[in-house]
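Written below as structure tokens is the structure these notes are about.
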Amino acid sequence: MEKTQLKRRIAALALVPFTAQAQTAPPEEVAPVPAAAPGEPNPDTPPRDGVETAPATVPAGPKPDLPAPVAKAGTKDEAKVSGAPGKGFTVDAGDAFSMNVRARMQVRYQLDIPRADENGERELEQTVNIGTARLWLSGHVYQRELTYMLQLAVAGRDFRDGATSPIYDAYLDYAAHRDLKFRVGQYFVPFDRLRTIREWGLQMADRPRPVAELTLDRDVGVMAYSDEFLGDESPVAFRLGAFGGGGINLSDGKEPGVLLVGRVELRPLGSIDDDVEGDLEYRDKPALAIGAGIANNWNTNRLRSTTGPTFDGGTTDYFHAATDLVFKWMGFAVQAEYLWKEASVDQIDSVDETGAPVTEYTRSGHGWVLQASYTFDPPFEVVGRLSRLYAADGTDPAFQSEVRANAQEVGAGLNYYFSGHRLKLQADYIARMPSDFDFGVADHVTHLQLDATF
């Protein structure tokens, strides 16, 4: 009996080191993250660098015969996945890479009511279609300061000016410093505010006529810019860019040229969301943005500088200037803009293949836009617009004829926002007429559309 007890004591002493080792956690392991219910988000996972991502999801519990997993400190290869209505689907793999995928579509009804002919008759025309359909891919790559954007337009109405490529935006953006950032690729030329507002942020179905005629559109180039120049709370922003000058998705070459553009913005009352229309936030403090842009497009072969048909017989230079204002307060919003465009020559003379003379005209003019809105009780809004377009003396006779017939534009709209600009129902009416407010000789158009971003 004594020998048996002695053997048991010796065996127990021999097992002590192994038992201590099993109860001590290795130095590289840490205590597990507090458990959440299987398949539910873990509330203790913090956001990362201000990037909007969903909390990490704790998987269903391990099988009973397997040990519970232990969290590793410093793990860097775990991707975070998130999704939200209007913000798309995001995969964030850390500092090296992220991608957000969003889509947008616009279901559109349009009724055109032209002015009556000499017999007093009107030929109504109805269009029911997908007004636009877009796909965005965006995120960062290699480091969070280097971001990218790819926007594809796939609806038939998006293929304007004879475009054969669906690429609208395709650029890289590098935030080198608060005071100096860079963008290279294809995107909106930073010239005037009412054109660079994204289509999904518009209050009415179509942009004002002076903007469509006198602005600069997307182009391929490089830009230096800052939204808070010389201070974190600075009211000053700037954009300086150099572009090809030929517009988007060029497949044919042209005579060498360049589009240079500069823009300055001032926000004296603090930050303002001037890149979307209306005051859906119903801000309790007034906000103001004032901007001005100037540009020159040397040796362009496009009728409207960066858009429209191409000239067969040569090129021209276009000088552009613009100034704009955005004000928002307590649901009330006003935006105003003045634009100027002047060609270096009024006509381009050449000969065709048979030797016959050919004359092509450029388009010079100026115009202004005033648009105001009020959000009565979010999400209901009313909006009104007044604009005027002028043609320069000696410019394209066809353009002068268009201006005489439709120089003035009057419009009104009603909007219902289910989820801000991400999901909205819009209805508007626009009349284009000579300058004397004669609605009897106006061209009328009405729109009803559902605009949704996913």
Side-chain angles (χ1 to χ4, degrees), residues 46-53 76 80 82 87-88 90 92-100 102 136-151 169-198 200-201 216 218-243 259-277 279 281 283 285-295 322-328 335:
R48 181 170 185 173
D49 297 336
V51 177
E52 186 173 354
T53 57
K76 298 181 179 180
K80 296 181 180 180
S82 66
K87 297 184 179 181
T90 302
D92 191 331
D95 292 342
F97 181 74
S98 72
M99 176 177 285
N100 172 262
R102 283 182 297 157
W136 289 286
L137 303 175
S138 62
H140 69 269
V141 61
Y142 300 117
Q143 55 182 296
R144 293 190 180 273
E145 292 77 17
L146 181 61
T147 58
Y148 64 90
M149 161 70 92
L150 177 63
Q151 181 184 182
D169 295 307
Y171 62 80
L172 289 172
D173 196 295
Y174 180 57
H177 189 270
R178 178 201 61 203
D179 298 336
L180 189 60
K181 303 175 183 178
F182 298 96
R183 179 174 297 179
V184 59
Q186 179 173 289
Y187 48 93
F188 277 132
V189 174
F191 173 60
D192 67 304
R193 171 54 65 198
L194 297 191
R195 181 64 185 100
T196 55
I197 291 176
R198 294 285 179 171
W200 56 261
L216 290 163
R218 290 177 173 88
D219 206 346
V220 179
V222 60
M223 173 178 69
Y225 72 100
S226 173
D227 289 315
E228 298 169 323
F229 187 57
L230 298 181
D232 291 340
E233 302 296 330
S234 172
V236 180
F238 78 90
R239 282 100 172 89
L240 295 173
F243 300 83
L259 166 62
L260 298 181
V261 59
R263 176 175 171 82
V264 177
E265 299 169 357
L266 181 65
R267 300 175 177 88
L269 303 181
S271 63
I272 177 175
D273 54 340
D274 52 346
D275 54 352
V276 296
E277 295 184 344
D279 183 22
E281 296 181 358
R283 57 174 62 240
K285 294 182 179 180
L288 175 66
I290 303 171
I294 190 170
T323 183
D324 47 76
L325 174 149
V326 177
F327 176 82
K328 300 184 181 186
Q335 53 191 36

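By the 4.5 Å heavy-atom criterion applied to side chains, D227 and R239 are counted as neighbours. With contacts defined as side-chain heavy-atom distances shorter than 4.5 Å, the pair D275/R193 qualifies. Residues R178 and D232 are in side-chain contact: their nearest non-hydrogen atoms beyond the backbone lie under 4.5 Å apart. For the pair D92 and H140, the minimum side-chain heavy-atom distance is below 4.5 Å. With contacts defined as side-chain heavy-atom distances shorter than 4.5 Å, the pair S138/T147 does not qualify. Put simply, the side chain of D95 does not reach to within 4.5 Å of the side chain of Q143, judged on heavy atoms. Counting heavy atoms from C-beta on, the side chains of W200 and V276 come closer than 4.5 Å. Contact check for T196 versus R263: no side-chain heavy atoms found under the 4.5 Å cut-off.
Annotation: cation-pi pair R183/Y225 present, NZ/CZ under 6.0 Å from the ring centroid and within 45° of its normal.
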Ring pair (Phe, Tyr, Trp, His ring centres under 6.0 Å), that's the test. Do Y187 and F243 meet it? Break it down for me. CA-CA 10 Å; Y187 48 93; F243 300 83; 5.5 Å; yes
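Note that CZ of F97 and CG of L146 are 11.5 Å apart. Values are rounded to the nearest 0.5 Å. Residue I294 holds its CD1 atom at 11.5 Å from OG1 of T323, rounded to the nearest 0.5 Å. Annotation: the span from R144 atom CZ to S98 atom OG amounts to 6.5 Å, rounded to 0.5 Å. Taking OH of Y174 as the reference point, atom NZ of K181 lies at 12.0 Å (rounded to 0.5 Å). Here CG of D173 is found 6.5 Å from CE of M223. Values are rounded to the nearest 0.5 Å. Rounding to the nearest 0.5 Å gives a distance of 3.5 Å between CG of D273 and NZ of K328.
A salt bridge between D324 and R195 is absent, with no side-chain N of the basic residue lying under 4.0 Å from a carboxylate O of the acidic one.
Between the side chain of S234 and the main chain of F229, a donor-acceptor pair closer than 3.5 Å is present. Not one N or O on the side chain of D179 forms a donor-acceptor pair closer than 3.5 Å with the backbone of S226.
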